[in-house]
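Hydrogens, waters and symmetry mates play no part in the numbers below; they use all other heavy atoms, side chains included.
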Amino acid sequence: MLVLAHLRCGNTYAPFAAGFCIGIATAYGYLREAGDLLSAFVPPLDQVRP
């Protein structure tokens, strides 16, 4: 849910950390890890059609 909320709203880490009752560093780590995971499934830009 944290990642989906971040992708939808794009706020800073502090509101998400407070909303999910976790630390800012933990929120950053979760979002960073999820971003790395999602980027593994995205094709490179030179393979994307306009």
Indicate every side-chain donor-acceptor pair of residues 9-35 with a distance under 3.5 Å to a residue at least two apart or in another chain.
from  : atom 1 : to    : atom 2 : distance (Å)
Tyr28 : OH     : Arg32 : NH1    : 3.3

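Under the rule for a side chain to side chain contact (heavy atoms under 4.5 Å, CB included), Arg8 has no partner lying at least two apart in sequence or in another chain.
In the hydrophobic clustering, Leu37 connects to Phe41, either directly or through intervening members, whenever side-chain heavy atoms lie under 4.5 Å apart.
The cluster map of Ile, Leu, Val, Met, Phe, Trp and Tyr, joined by side-chain heavy atoms under 4.5 Å apart, puts Leu38 and Val42 in different clusters.
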